[in-house]
There are 2 protein chains.
Amino acid sequence: MDKKSKSLSKNQKIVLDFIQKNKKPVKAYSILSNVQKKGINAPPQVYRALDKLIKIGKIHRVESQNSFVACKISNCDTPHKTVFSICNSCEIVSEINDPKLFKNLKDFRDKDGTVFDGYNLEFFGTCKSCKNKQIENTKH
Amino acid sequence: MDKKSKSLSKNQKIVLDFIQKNKKPVKAYSILSNVQKKGINAPPQVYRALDKLIKIGKIHRVESQNSFVACKISNCDTPHKTVFSICNSCEIVSEINDPKLFKNLKDFRDKDGTVFDGYNLEFFGTCKSCKNKQIENTKH
DNA sequence: TAAAAATTTGTTATATTATAACATTATACT
DNA sequence: AGTATAATGTTATAATATAACAAATTTTTA
């Protein structure tokens with residue numbers, strides 16, 4: 001167990017654990033209803049844990065979905081350096097790990113020369129599996 | 001007047017007009033309260049107009065803020081091909097028009113080779129004007 | 001180790017953002 | 001003109017998120 005997960009509080013661990021169990025992003029109130037048996041009773045307890053987990057980079061917020069997903073990139077210890085692909089059809093979200101793209105984004109400055117602390121990039125499309133299903137359906 | 005703005009309905013025009021008057025992004029309920037004198041009474045009327053305006057590319061949704069901003073790029077007639085810079089301090093949002101970056105994003109495919117229909121990229125940082133203010137403050 | 005500081009917790013209430021559902025009216029199409 | 005499509009108006013409610021405050025816990029540091 002590394003420093004960061006050791007330093008997590010009880011509620012933070014419960015929430016992180018639930019998010020990590022799901023491969024799809026989860027919603028705050030879905031987290032709440034799923035962890036009530038563990039003693040978390042109210043929205044603020046969930047949102048506080050989420051805020052902290054985002055801050056330390058253990059999870060990310062999928063902005064276009066109001067949902068939360070575990071970080072899949074081991075060295076991703078900061079918020080707001082995120083790239084996702086999102087399927088329009090099944091809404092599955094994958095975190096993209098593409099060093100060349102990362103470098104492009106990190107080095108980007110606007111026309112004033114402003115440097116940015118972070119970014120969030122969401123790609124939208126149809127994932128492979130949904131594309132296949134669509135092809136299946138047109139066969140009939 | 002081009003085809004698209006001609007084809008806008010009464011409510012769509014009212015909502016678009018209000019958004020275009022503001023250089024900062026505006027929130028749905030702020031739109032509502034500001035257009036009530038024009039006969040728009042309830043949230044669904046605003047949200048419907050917003051949905052349509054987004055679909056035709058006249059406005060964009062700033063995902064991390066739940067806010068809406070007029071498109072500043074004349075040929076931007078589709079949703080989900082957006083790049084913004086957002087100031088962490090004053091929350092002002094600028095739409096970035098950088099052909100090289102656009103090409104990079106348009107041509108991106110993931111490791112499965114999947115092509116994407118669209119993207120939304122938000123850069124976070126401190127804008128020039130806020131940076132200057134901070135420097136002013138440290139002088140004292 | 002005791003006091004101070006910082007963080008986390010538990011709780012109630014409420015603010016903010018967004019949509020469902022349904023009847024009606026207006027507009028565009030052929 | 002008749003049909004299809006889009007937009008409107010309305011009420012109610014769902015979904016997402018935070019404010020505020022008292023108490024307990026953990027960490028720091030003197």
Side-chain angles (χ1 to χ4, degrees), chain A residues 1 3-19 22 24-56 58-69 79 91 93 120 122, chain B residues 1-19 22 24-69 79 91 93 120 122:
Chain A
M1 208 184 266
K3 259 188 216 166
K4 256 156 204 156
S5 54
K6 208 174 172 182
S7 72
L8 292 180
S9 74
K10 187 187 123 242
N11 288 357
Q12 288 158 11
K13 271 180 209 151
I14 293 170
V15 170
L16 177 58
D17 191 56
F18 179 73
I19 295 172
N22 288 272
K24 280 200 190 183
V26 286
K27 303 266 193 169
Y29 277 74
S30 156
I31 297 170
L32 177 56
S33 66
N34 279 281
V35 299
Q36 279 185 324
K37 55 196 167 224
K38 306 225 171 182
I40 292 182
N41 310 305
Q45 297 176 295
V46 172
Y47 280 101
R48 282 175 195 144
L50 291 172
D51 287 346
K52 182 61 184 280
L53 293 168
I54 288 169
K55 209 186 235 168
I56 63 175
K58 288 282 173 196
I59 65 168
H60 304 301
R61 196 186 141 86
V62 183
E63 297 290 354
S64 62
Q65 292 188 343
N66 300 328
S67 66
F68 304 88
V69 70
E91 304 204 313
V93 171
N120 177 58
E122 301 181 3
Chain B
M1 206 185 265
D2 64 346
K3 259 188 215 166
K4 256 156 204 158
S5 54
K6 209 172 172 183
S7 72
L8 292 180
S9 73
K10 185 188 125 241
N11 288 357
Q12 288 158 12
K13 271 180 207 150
I14 292 170
V15 170
L16 176 59
D17 190 56
F18 177 73
I19 295 172
N22 288 271
K24 280 199 191 183
V26 287
K27 303 265 190 169
Y29 278 74
S30 154
I31 297 169
L32 177 57
S33 66
N34 278 281
V35 298
Q36 280 185 323
K37 54 196 170 226
K38 306 225 171 182
I40 292 183
N41 309 306
Q45 297 176 295
V46 172
Y47 280 102
R48 282 175 195 142
L50 290 172
D51 287 346
K52 182 61 186 279
L53 293 168
I54 289 169
K55 208 186 237 170
I56 63 175
K58 289 282 174 196
I59 64 168
H60 304 301
R61 196 186 140 86
V62 182
E63 297 291 353
S64 61
Q65 293 188 342
N66 300 327
S67 65
F68 304 88
V69 70
E91 303 203 313
V93 170
N120 177 58
E122 301 182 3

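Every chain is numbered from 1, with letters handed out A, B, ... down the list of sequences.
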Of A/R48 and A/K27, the one whose closest DNA chain D nucleotide lies more 5': A/K27
Residue whose closest nucleotide on DNA chain D lies nearer the 5' end, A/S30 versus A/P44: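 Final value for this comparison: A/S30.
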Spacing between [X] atom [atom1] and [N] atom [atom2], to the nearest angstrom:
X: A/I40; N: D/dA17; atom1: CD1; atom2: P; result: 16 Å
X: B/L8; N: D/dA6; atom1: CG; atom2: P; result: 15 Å
X: B/L50; N: D/dA6; atom1: CG; atom2: C1'; result: 17 Å
X: A/I31; N: D/dT16; atom1: CD1; atom2: P; result: 11 Å
X: B/E63; N: C/dA18; atom1: CD; atom2: C1'; result: 13 Å
X: A/N41; N: C/dT8; atom1: CG; atom2: P; result: 18 Å
X: B/Q65; N: D/dT18; atom1: CD; atom2: C1'; result: 17 Å
X: B/I54; N: C/dT17; atom1: CD1; atom2: C1'; result: 13 Å

For [N] and [X] - does any side-chain N or O of the residue sit under 4.0 Å from the phosphate oxygens OP1/OP2?
X: A/N11; N: C/dT7; value: no
X: A/K10; N: C/dG10; value: yes
X: B/Y47; N: C/dT19; value: no
X: B/S9; N: D/dA6; value: no
X: A/K52; N: C/dT8; value: yes
X: A/N66; N: D/dA17; value: yes
X: A/Q45; N: C/dG10; value: yes

Short question: side chain of A/K27, backbone of A/Q65 - any donor-acceptor pair under 3.5 Å? yes
Within the structure provided, determine whether A/N11 and A/R48 are in side-chain contact (heavy-atom separation under 4.5 Å).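 No. Closest side-chain heavy atoms not under 4.5 Å.
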Between the side-chain atoms of A/Y29 and the base atoms of D/dA14, is any donor-acceptor pair under 3.5 Å?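 A donor-acceptor contact between them is absent.
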Please evaluate the base of C/dT17 for a donor-acceptor partner in the side chain of B/R61 within a cut-off of under 3.5 Å?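 Check fails, no donor-acceptor contact within cut-off.
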CG/A/N22 to CZ/A/F18 distance, rounded to the nearest 0.5 angstrom?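 Output value for this atom pair is 4.5 Å.
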Which heavy atom of B/E122 sits nearest to which heavy atom of B/V62, and what is that distance?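 Where B/E122 meets B/V62 most closely, the heavy atoms are OE2-C, 3.8 Å.
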Full working for side chain to side chain contact (heavy atoms under 4.5 Å, CB included) between A/L16 and A/Q12: CA-CA 6 Å; A/L16 177 58; A/Q12 288 158 11; over 6 Å; no
